[in-house]
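Side chains are part of it too, since the values below use all heavy atoms of this structure and drop only hydrogens, waters and symmetry mates. Chain A is the first sequence line, chain B the second, and so forth, proteins listed ahead of strands; every chain is numbered from 1. These numbers come from a predicted model, not from an experiment.
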Amino acid sequence: MATFRAPRGTRDLLPAERPTWQRLETLAADLARRYGYRQIETPIFEESALFERGIGDVTDVVEKELFRVLPSRGEERERWALRPEPTAGIVRAYLQHGMHTLQQPVRLTLLGPMFRYDRPQAGRYRQFWQFDVEAIGDPGPAIDAEIIELAHRFYTEAGLTAVSARLNSIGDAICRPGYLATLRAYFEPHAAELPEEERERLATNPMRLLDSKDPRMAALVAAAPRITDHLCAPCAEHFDAVRRHLDTLEVPTVLEPALVRGLDYYSRTCFEFYREGAEGQQQALGGGGRYDGLVELLGGRPTPAIGFGLGLDRVVLALAAQGVASVPMERPAAVIVGADPADTPTRLRIATNLRAAGFSARADLAERKLARQLEGAAREGAHFAVILGDELAGGQVQLRDLEAGTQRLVNLADLPRELSRAQRQHHHGA
RNA sequence: GUGGCCUUAGCUCAAUCGGCAGAGCAUCGGAUUGUGGCUCCGAAGGUUACGGGUUCAAUCCCCGUAGGCCACCCCA
């Protein structure tokens with residue numbers, strides 16, 4: 001029994017799963033490149049205050065899920081926290097490096113691990129990976145549509161089907177307070193009938209009542225006033241324009257008046273992506289929205305912005321649930337084998353020469369029977385084996401095609417060229 | 001943070017009523033030492049998650065802890 005285990009809520013991504021992840025990482029980078037979003041890396045920990053102020057210190061993410069880090073040396077007074085989401089750090093970098101002097105909007109992308117200290121479940125981890133894009137400095141609805149379409153394209157190019165965007169507008173500082181008052185006035189007369197938990201929300205965050213899963217709430221929620229009927233003119237206009245642009249881009253969207261984002265800094269457009277008919281509760285594949293107030297909140301000038309974050313762990317789970325085959329591990333082009341331990345230096349030299357020529361090649365360095373070595377090569381899917389034997393004295397080796405079961409003698413000096421030719425025949429022949 | 005179910009070899013799982021802890025797969029080795037995925041033989045692999053308790057005796061019953069999963073909370 002292993003003494004140590006991966007910490008709760010974390011896991012190892014093993015060689016068998018990494019190629020699938022690698023494919024998604026490559027897709028994310030390529031998609032961001034095609035859309036003109038530039039890569040940025042920010043630290044995985046920041047000052048706690050950045051998250052407390054940026055995300056909102058009464059949110060669950062900060063109140064109970066922040067992964068706080070205490071420096072081991074006492075002289076550091078600041079408290080740090082592992083990032084629970086990427087936006088706050090990116091906006092911090094935008095401000096720190098004066099990116100407001102660049103052409104606006106600044107389009108940025110980041111892919112990396114995030115940390116939340118909550119109770120793990122399938123699809124919910126304490127360390128999880130997000131692909132994130134942010135466009136800072138553009139107030140217009142067209143950029144909203146661009147980002148939502150980028151997100152949707154990620155899912156479809158990843159191989160997921162039936163992924164649609166749920167869309168809503170949560171208004172802004174002008175119209176939301178009025179709506180919240182209307183909502184409270186609507187629920188207030190029913191306060192006595194509400195379950196205890198829901199009654200608390202009425203005071204703290206009435207919009208949360210709308211996405212309650214409590215069946216007793218269903219009828220009440222269905223008849224509740226909708227934010228989209230209470231938007232101020234500029235917000236309503238913005239929302240309409242986003243929807244028109246999404247139609248233009250042919251992104252399937254569902255209006256979801258109850259959609260509320262969990263983080264405080266959102267305004268106007270907000271959206272989440274779901275796979276239709278997915279089982280289990282961790283179905284949200286990603287989400288995002290506009291956060292026009294955040295840059296100012298973190299000490300910058302008023303700057304509109306919108307972003308999107310997508311959970312790679314959940315995409316991997318969704319792909320598996322949908323039956324999409326995982327990406328197989330790389331197969332070596334050649335394994336160099338030989339029964340005589342004295343040939344080890346030659347095996348090493350042949351392997352390194354083939355690698356220098358660009359092939360994936362490994363020498364079998366265990367001193368075991370030739371049959372075992374060939375078995376090992378075949379089982380990891382090697383295309384060819386280079387077999388060292390008596391012919392070595394004449395400067396020759398056997399080049400064996402492990403799929404066809406055929407082999408022929410080649411001069412050592414010609415090996416890279418011969419392997420290359422054999423590979424080509426393989427591809428054409430098969 | 002709340003409630004529930006679960007934990008036996010690397011993996012998937014057995015083990016009668018509380019009575020010597022097993023199989024398949026995987027790993028390693030062998031089948032007259034120069035040729036592979038099949039087959040056959042063998043080996044190794046366990047403090048039955050961890051710590052207590054009850055008992056002549058605990059994988060089995062009880063308590064605690066840790067971890068996993070499910071439903072909440074919330075979210076990706």
Side-chain angles (χ1 to χ4, degrees), chain A residues 1-11 14 16 55 58-65 83-87 111-132 151 195-198 200-201 204-205 208 211-214 259-263 272-275 279-288 308-318 335 337-341 343 364 366-392 397-407 409:
Chain A
M1 207 60 199
T3 309
F4 294 106
R5 303 173 46 89
R8 182 172 201 197
T10 71
R11 65 232 166 93
L14 300 175
I55 297 171
V58 296
T59 57
D60 276 20
V61 168
V62 166
E63 250 179 3
K64 61 177 202 187
E65 296 172 5
R83 62 183 180 196
E85 53 83 47
T87 306
L111 188 152
M114 305 295 154
F115 304 84
R116 289 185 197 175
Y117 191 80
D118 57 3
R119 197 150 156 180
Q121 237 171 282
R124 173 198 286 175
Y125 306 101
R126 288 183 171 180
Q127 176 177 354
F128 58 99
W129 275 263
Q130 273 195 6
F131 165 47
D132 182 79
E196 165 127 19
E197 258 181 28
E198 310 292 348
E200 279 168 27
R201 284 188 189 158
T204 58
N205 194 349
R208 281 270 164 230
D211 62 359
S212 167
K213 283 166 194 152
D214 195 313
L259 179 62
V260 181
R261 301 249 65 216
L263 311 182
E272 288 185 356
F273 283 90
Y274 285 84
R275 195 165 74 88
E279 313 231 336
Q281 292 306 297
Q282 270 63 53
Q283 306 171 16
L285 295 171
F308 166 77
L310 164 162
L312 287 173
D313 306 80
R314 290 188 182 175
V315 171
V316 170
L317 282 175
V335 175
V337 302
D340 188 351
D343 292 337
D364 195 306
E367 290 179 10
R368 50 181 184 166
K369 293 181 62 174
L370 189 62
R372 291 289 173 206
Q373 298 183 40
L374 282 167
E375 184 185 348
R379 278 172 48 173
E380 71 194 273
H383 294 98
F384 295 91
V386 175
I387 304 170
L388 278 57
D390 298 335
E391 307 89 342
L392 207 51
V397 292
Q398 296 283 0
L399 179 59
R400 180 172 180 83
D401 183 330
L402 289 172
E403 280 157 44
T406 58
Q407 68 186 36
L409 223 43

Acceptor/donor pairs from residues 380-389 of chain A side chains to any protein atom, 3.5 angstrom cut, sequence neighbours excluded:
unit_1, atom_1, unit_2, atom_2, d
A:E380, OE1, A:R362, NE, 3.2
A:E380, OE2, A:R362, NE, 3.1
A:E380, OE2, A:R362, NH2, 2.4

remark   = Winner on side-chain proximity to A:L374, out of B:G37, B:G34, B:U35, is B:U35
ask   = Which listed nucleotide (B:C70, B:A76, B:G36) is nearest to the side chain of A:R400?
value = B:G36
query = Taking atom C1' in both B:A57 and B:G1, what distance in whole Å separates the two?
reply = 42 Å
query = Passes side chain to side chain donor-acceptor pair (under 3.5 Å), A:Q398 versus A:E391? Steps please.
reply = CA-CA 8 Å; A:Q398 296 283 0; A:E391 307 89 342; 3.2 Å; yes
inquiry  = Between B:A14 and B:G24, how many Å separate the two P atoms, rounded to a whole number?
reply    = 16 Å
inquiry  = Considering every strand and a 4.0 Å limit on heavy-atom distances, what is the contact class for A:A377: base, sugar-phosphate, or nothing?
reply    = nothing
request  = Describe the nucleic acid contact of A:E65 in one word from base, sugar-phosphate, nothing, applying a heavy-atom distance below 4.0 Å.
outcome  = sugar-phosphate
task = Round to a whole Å and report the spacing from CG of A:L402 to P of B:C38.
result = 15 Å
query = Looking only at atom C1', what distance separates B:C70 and B:C25, rounded to whole Å?
reply = 29 Å
task = Quick one: pull up CG in A:L111 and CG in A:L312 and give me the separation to the nearest 0.5 Å.
result = 5.0 Å
Heteroatom pairs (N/O) under 3.5 angstrom, protein to nucleotides 4-7 of chain B:
none

message = Counting the atoms with a prime plus P, OP1 and OP2 as sugar-phosphate, which does A:D390 contact under 4.0 Å by heavy atoms, base, sugar-phosphate, or nothing?
response = base
query = Can you tell me how far the CH2 atom of A:W129 sits from the CE atom of A:M114, to the nearest 0.5 Å?
reply = 10.5 Å
request  = May I ask you to verify whether the side chain of A:Q407 and the base of B:U35 hold a donor-acceptor pair under 3.5 Å?
outcome  = yes
ask   = How would you list, by chain and number, every residue that makes a salt bridge (Lys or Arg N to Asp or Glu O under 4.0 Å) with A:R368, sequence neighbours excluded?
value = A:D364
query = Looking only at atom P, what distance separates B:C20 and B:A26, rounded to whole Å?
reply = 30 Å
task = Kindly express the pairing pattern of RNA chain B in dot-bracket notation, using | wherever a base pairs with another strand and counting only Watson-Crick or G-U pairs under 3.5 Å.
result = (((((((..((((.....[..)))).(((((.......))))).....(((((..]....))))))))))))....
remark   = By nearest-nucleotide position on RNA chain B, the 5'-leaning member of A:T10 and A:L310 is A:T10
Length of the CD-P vector between A:E272 and B:C75, whole Å = 8 Å
ask   = Can you name the residues that form a salt bridge (Lys or Arg N to Asp or Glu O under 4.0 Å) with A:R11, not counting sequence neighbours?
value = A:D313
key: Atom pair CZ/CD of A:F115 and A:E85 - distance to nearest 0.5 Å   = 13.0 Å
Atom pair distance, as rounded to whole Å: CZ in A:F384 and P in B:G37 = 19 Å
message = Taking any heavy-atom pair under 4.0 Å as a contact, classify A:G9: base, sugar-phosphate, or nothing.
response = sugar-phosphate
ask   = Rounding to the closest angstrom, what is the interatomic distance between B:A43 and B:A23 at atom P?
value = 10 Å
Test item: A:Q130 and A:P86 side chains (from C-beta on) under 4.5 Å apart, heavy atoms = yes
key: Length of the CZ-P vector between A:F273 and B:A76, whole Å   = 13 Å
ask   = Counting N and O atoms only, with roles assigned by atom type, does the side chain of A:Q373 sit under 3.5 Å from a partner on the main chain of A:G338, one being a donor and the other an acceptor?
value = yes
Could you run down the sub-3.5 Å N/O contacts of the protein with nucleotides 41-45 of chain B?
none

message = If you assign A:Y117 and A:G311 each to the RNA chain B nucleotide with the nearest heavy atom, which residue ends up on the more 5' nucleotide?
response = A:Y117
key: Value in whole Å for how far the C1' atom of B:A76 lies from CZ of A:R126   = 16 Å
ask   = A:G286 near the nucleic acid: base, sugar-phosphate alone, or nothing, with a heavy-atom cut-off under 4.0 Å?
value = sugar-phosphate
Tabulated below should be each protein N or O lying under 3.5 Å from an N or O of nucleotides 28-30 of chain B; please produce it.
unit_1, atom_1, unit_2, atom_2, d
B:G30, N7, A:R372, NH2, 2.9

message = Once side-chain contact (heavy atoms from CB on, under 4.5 Å) is applied, do any residues pair with A:A404, and if so which ones, sequence neighbours excluded?
response = A:D401, A:T406
query = When rounded to the nearest Å, what value does the distance between P atoms of B:C13 and B:C56 take?
reply = 36 Å
ask   = If you look at every strand shown and take non-hydrogen atoms under 4.0 Å, does A:G405 touch a base, only sugar-phosphate, or nothing?
value = base
query = Say you pick atom P in B:C41 and the same atom in B:U47; how far apart are they, in whole Å?
reply = 28 Å
remark   = Applying side-chain contact (heavy atoms from CB on, under 4.5 Å) to A:P120 and not counting sequence neighbours gives A:R8, A:R126
message = In whole Å, measure the gap between the C1' atoms of B:C62 and B:G18 for me.
response = 14 Å
message = Taking atom types as they are modelled, would you say the side chain of A:E380 forms a donor-acceptor pair with the base of B:G37 within the 3.5 Å cutoff?
response = no
key: side-chain N/O A:R5 vs B:G67 OP1/OP2, d < 4.0 Å   = no
message = Quick check against the 3.5 Å criterion: does A:R314 have a side-chain atom that pairs as donor or acceptor with the backbone of A:G123?
response = yes
request  = For residues A:L310 and A:L285, determine if any side-chain heavy atom of one lies less than 4.5 Å from a side-chain heavy atom of the other.
outcome  = no
